[in-house]
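Letters A, B, ... are given to chains in the order of the sequence lines, protein chains preceding strands, and every chain is numbered from 1.
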Number of protein chains: 2
Amino acid sequence: MTDDALVIFTPSGKRGRFAIGTPVLTAARQLGVDLDSVCGGRGICSKCQITPGYGEFPKHGVTVAEGALSEWNAVEDRYNRIRGLAAGRRLGCQAKVMGDVVIDVPPESQVHKQVIRKSAAERHIDMDPATRALYVEVQEPDMEEPTGDFERLKRALAAQWQIEGVEADLSVLRRLQPVLRKGEWKATVVLHRGNHDAAHRILDIFPGYHDLPLYGLAVDLGSTTIAAHLCSLTDGRVLASSGLMNPQIRFGEDLMSRVSYAMMNPGGDVEMTRAVREAIDHLSRTIAQEAGIAASAIYEMAIVFNPVMHHLFLGVDPVELGQAPFALATSDSLSLDARDLDLTSLNRNARVYVLPCIAGHVGADCAAVALAEEPQKSKDMVLIVDVGTNAELLCGNEARVLACSSPTGPAFEGAQISSGQRAAPGAIERVQIDPVTKEPRFRIIGVEPWSDEPGFADAAQKTGITGICGSGIIEAVAEMRMAGLVDPGGLVGGSEQTGTARCEPHGRTFSYLIHDGTATGGPRITVTQGDIRAIQLAKSALYAGARLLMDELGVDKVDRVVLAGAFGAHISAKHAMVLGMIPDVPLDRVFSAGNAAGTGARIALLNRAARDGIERTVHDIHKVETAIEPRFQEHFVNANAIPHAVDTFPELSKIVTLPDVSFNTGGSGGEGGRRRRRG
Amino acid sequence: MTDDALVIFTPSGKRGRFAIGTPVLTAARQLGVDLDSVCGGRGICSKCQITPGYGEFPKHGVTVAEGALSEWNAVEDRYNRIRGLAAGRRLGCQAKVMGDVVIDVPPESQVHKQVIRKSAAERHIDMDPATRALYVEVQEPDMEEPTGDFERLKRALAAQWQIEGVEADLSVLRRLQPVLRKGEWKATVVLHRGNHDAAHRILDIFPGYHDLPLYGLAVDLGSTTIAAHLCSLTDGRVLASSGLMNPQIRFGEDLMSRVSYAMMNPGGDVEMTRAVREAIDHLSRTIAQEAGIAASAIYEMAIVFNPVMHHLFLGVDPVELGQAPFALATSDSLSLDARDLDLTSLNRNARVYVLPCIAGHVGADCAAVALAEEPQKSKDMVLIVDVGTNAELLCGNEARVLACSSPTGPAFEGAQISSGQRAAPGAIERVQIDPVTKEPRFRIIGVEPWSDEPGFADAAQKTGITGICGSGIIEAVAEMRMAGLVDPGGLVGGSEQTGTARCEPHGRTFSYLIHDGTATGGPRITVTQGDIRAIQLAKSALYAGARLLMDELGVDKVDRVVLAGAFGAHISAKHAMVLGMIPDVPLDRVFSAGNAAGTGARIALLNRAARDGIERTVHDIHKVETAIEPRFQEHFVNANAIPHAVDTFPELSKIVTLPDVSFNTGGSGGEGGRRRRRG
């Protein structure tokens, strides 16, 4: 009898010994096994499903006995009763290790490498970088001139470049003498001066004249994805853009799950800090490879994030962000050494500029959006919506700008959706439903033709049709509403009411079948009543946030709407408005800004004055706190319905007519929201 | 057949496998075995003698065959012919590992823990420390006040202490929120602002009002010894003083041996940097223990050293200091993070102030001596001599101050002397020779009575009479001169000429026997002709340096002499002058300053204005380079004699008459110095 046991994960082959009673999810995290979790191990999301193997595993040299995992528990029981758990499956967060065991992580439980759709928007930026290369000629030492080489280098910079006040790290001082001699007293120095620095600091030095390109990284660290743009610090050109999933997802999908994880697990914040720093370091290395440059030529990073990511990246416990008054540890911009953030793949002396936060729930990412979209300079009233797991909203004009953040949750990113998945090849991203036949057609990521067009079937064989992503579920729900399959309260009609067999019973409610892949071993992709509820919650949060800002500004309409975010660029304006995600506005006044936060980071990376600018601007942007504002709750409840176009969306009614259907599935107690709306 | 072999060292028991052909000294260094070396492994100093064992070693599980070490080589042959090597002994730097072997390190080859005689001089210093503790009351966050806790702390420091521009390390930001909440929005911050810093930086923070004592370390890192004073940063009090041997001694006793070690061994400088940083870190920990404080309460260090130590401490290869024009990598003062110097036992955010160097061979230790002794403010002409393995000299007055360094070598510290040893219990430190009977009496370190006084024999049994240290050899040679045993050219007379059997033949020259301990198994302690030559070289270097500075200043006498250095405090003024170490001056105008470099470090630690002051002063002190100055050579040769008092030392002749003896041992070709003098 021992009090620990061997746990082997497949397909990764990762293995380790764990104390009896360790949850499988915990073991997977500690081994770095790719096992998803949305809820942070609270038995809610079911994303951590695993399949224990029993019997002999000669390959792994282990025999797994019955009882190697703890017995099926109440949480799994309930989950199975309500949503169904495939035979042999367990919830990784509930099943505990009781003996040597082999655990298979099925593909759908893995956090896949994703196609990140963030890409650098084209934009003109004035170059005024904090880092530049300068060539100098240094006086040789002689017996009459007893100063150090560094002092003579400083004198050369003062005389030849009028630069006073120069500092150097020990690593530079260490290399100074051989470099100056190799270059015969000529050298190229990489000099950095941040917008708050009194002194210039030498980041690097090369012998002789060296026409070296300098690079910087603009990073948008989101709750779900991390996007980076590799930029030339000379001409601002974007050499490569790349992305990665935020590995913190395994500690909880949304921000509050991660705050809870930190609160409930001693050292949990440290674990999350390590994970995200490693990911950014890894991303830096791969993006450099992709662009064919040495990562050591990256001398600067500008980074934006929401406050929870901000704290976790800096290594600050985010616990205070989980409770009123949501105090940040620090809100001003920061200039840091990359090595203090464990970003070891960059140049050893690389600097990191952290954009300022606006307030407790409105982070540097929102500041970056303001920097990119400049609502504070807008003549007309603009609403900027940065859609993500947490949505940031900015509303205003040159007179006044307000900001808030709204907890939309991960539904817009395909999580908490029955057939949901993140944006990856095989995911349904566009949906149309014929209002007459009620038949759907769709497009999947990685395949050009629509599902009813020639060539689709062949092309789709490669990727499979695996699920539905954020933009897909928005279109699906909006199309279902336009086709009369969903009523304004969000209820899905049955086949008798809608006239299509695709509306099939699902417990006491109905689901709409978009695609049945079971004949070829694929999944059935449906939109369930639960999915519609999740989307309603998310869109209500977004809409309520926008309304709250408009109330505060005393306006009941805006002149234009900008959809931003990793995912904002892919949302159809029409469908967003049918769904009621955004306030009523002429469709041609809805713009996509792409990843505005990433663009803001890029501007800050390349332009020192822009850093000063946004540091001033954040003090002028007033934060409205949704979490404690009663009117937010009111707007939230009122926004639950999927609108009658003529009611609150007169602009929308010019382009689409929403059928005035009404479904009733028999008066379930859970449909209070609809009844209140229609009462 | 393998190509490596097992090497076991006794008495330490340290063992490791090494490639065939590895010198024993190299193996010892890599294993951290306490094996001395003065010359850095060049077969000169013979300090690394070892005794290989052959046959069965059941305790170590090894059998050592003949041939386990390489054959006796030419270097060993020559050494044995000239100086004699005890039976069974080998030179560790010459003997190479050829098979499994057990190596004994005899006590005299070990670098013993020494009694360091550095102690903090009593001196009044105005307190103006760079680090202080401040109590603040911080505004609580609320929903209307969205700034970060750090921003509100900064605002409190501005309002309550008029301190603007405050920065904090990530480690402080990480602790900020819990500390402020624990202290109910009251806190005590440890704030640092160096003399060049634009901003204040928070080194530490404590909840509430916390009457914490802050400490600093003043460190004098010498070639041979490291001395540290632990000081209160509040009242300047010295809580403890402690010392340690510089572990770099095993890479070479004098500075140039260490520079050669770095040149001849790739990575040798890194090895030496690691060794000295570890030693200082260790010293910091033990001195804190000694004083009964937590080492984490040490927030600052001020450190001084000669240029080679300066470079090796900073991690800069000292190779340029080994060749003209002796260019320093950097000469200005530096403010660094202790953690970048691997000083991990201090507070995590501790700062290190490195005093400025004066020039290539005149380091921060000399600057510190100037700070402590203030020649630049002197009304009279003062010569300050900091005696060490490398001597630093300052000469001048308020009008002008010159400095040089002089390579005295380690003879004054008891090395390169036949019976020499460093200052440790059992070492002869004082000597008197009766001019009539020619009989010596002496005192040893650790024993109060002189050798001819009651109680000496008993007390000396504990320590043994082990050798002769720096101050002892100076007195011995001077007393031999005064007793007529040595002539002005430095020749020791034979027993016929001197009338004492203590002058015994030693090869073709004579030695003087101070103590014969062989009856009780102890050593015979003699002063050989070679010892006198070594002391003559050292004192000539010192004297020549002083004369060179006086020449440059256009003076032929000084008003006072200050003897400084770890060892300067123990030199008898009379004996120094008999020997001709220092220029002629009334004996009551010779002062001992103790460890002036350490005192200077202490002043810089405690007073920020003093840092500004010495940074200005070093630019006004003109360096005179001894290494390339022809007059230095001239003075050096002329200073070889041990003076006739009436000749060049009129002041000396007032108190002592030197016998006008003359010895001739038969005209050895090696006595050219003497003949030139007398020709």
Original post:
chain B: which of A:Ala168, A:Gly165, A:Pro141 shares the most heavy-atom pairs with it under 4.5 Å?
Top reply: A:Pro141
**OP:** Could you tell me which portion of A:Leu341 (side chain, backbone, both or neither) has an atom closer than 4.5 angstrom to a non-hydrogen atom of chain B?
**Re:** side chain
Original post:
Relative to chain B, which segment of A:Leu314 carries a heavy atom at a distance below 4.5 Å: side chain, backbone, both, or neither?
Top reply: both
Original post:
Heavy-atom distance under 4.5 Å to chain B: side chain of A:Leu170, backbone, both or neither?
Top reply: side chain
Subject >> B:Gln323 atom CD, neighbour heavy-atom count above 12 within 6.0 Å >> reply: yes
Original post:
Measuring heavy-atom distances to chain A, does B:Ala327 have an atom under 4.5 Å in its side chain, in its backbone, in both, or in neither?
Top reply: both
**OP:** Could you tell me which of B:Pro356, B:Ser171, B:Ala329, B:Gly360 has the largest number of non-hydrogen atom pairs under 4.5 Å with chain A?
**Re:** B:Ala329
**OP:** Determine yes or no for a side-chain-to-main-chain donor-acceptor pair under 3.5 angstrom, with A:Arg174 supplying the side chain and B:Val316 the backbone.
**Re:** no
Original post:
So which part of A:Asp317 gets closer than 4.5 Å to some heavy atom of chain B, the side chain, the backbone, both or neither?
Top reply: backbone
Subject >> Option that, when pairs with chain B are counted at under 4.5 Å, heavy atom only, ranks first among A:Asp332, A:Leu176, A:Asp340 >> reply: A:Asp332
**OP:** Under 4.5 Å heavy-atom distance to chain A, tell me which part of B:Ile358 shows up: side chain, backbone, both or neither.
**Re:** backbone
Subject >> Donor-acceptor contact present, side-chain B:Gln177 to main-chain A:Glu320, <3.5 Å >> reply: no
Original post:
Side chain, backbone, both or neither: which part of A:Arg181 has a non-hydrogen atom closer than 4.5 Å to chain B?
Top reply: side chain
Original post:
At their closest point, which heavy atom of A:Thr330 faces which heavy atom of B:Glu151, and how far apart are they?
Top reply: OG1-OE2, 2.8 Å
Original post:
What part of B:Leu153 lies closer than 4.5 angstrom to a heavy atom of chain A: side chain, backbone, both or neither?
Top reply: neither
**OP:** Look at the side chain of A:Ser331 and the backbone N and O of B:Thr147, then say whether any donor-acceptor pair between them is shorter than 3.5 Å.
**Re:** no
**OP:** Please round to the nearest 0.5 Å and tell me the distance separating atom CG of A:Leu334 and atom CZ of B:Phe150.
**Re:** 8.0 Å
Original post:
CD of A:Glu137: more than 12 outside heavy atoms within 6.0 angstrom?
Top reply: yes
Original post:
Side chain, backbone, both or neither: which part of B:Leu173 has a non-hydrogen atom closer than 4.5 Å to chain A?
Top reply: both
Original post:
For B:Arg152, is it the side chain, the backbone, both or neither that has a heavy atom under 4.5 Å from a heavy atom of chain A?
Top reply: side chain
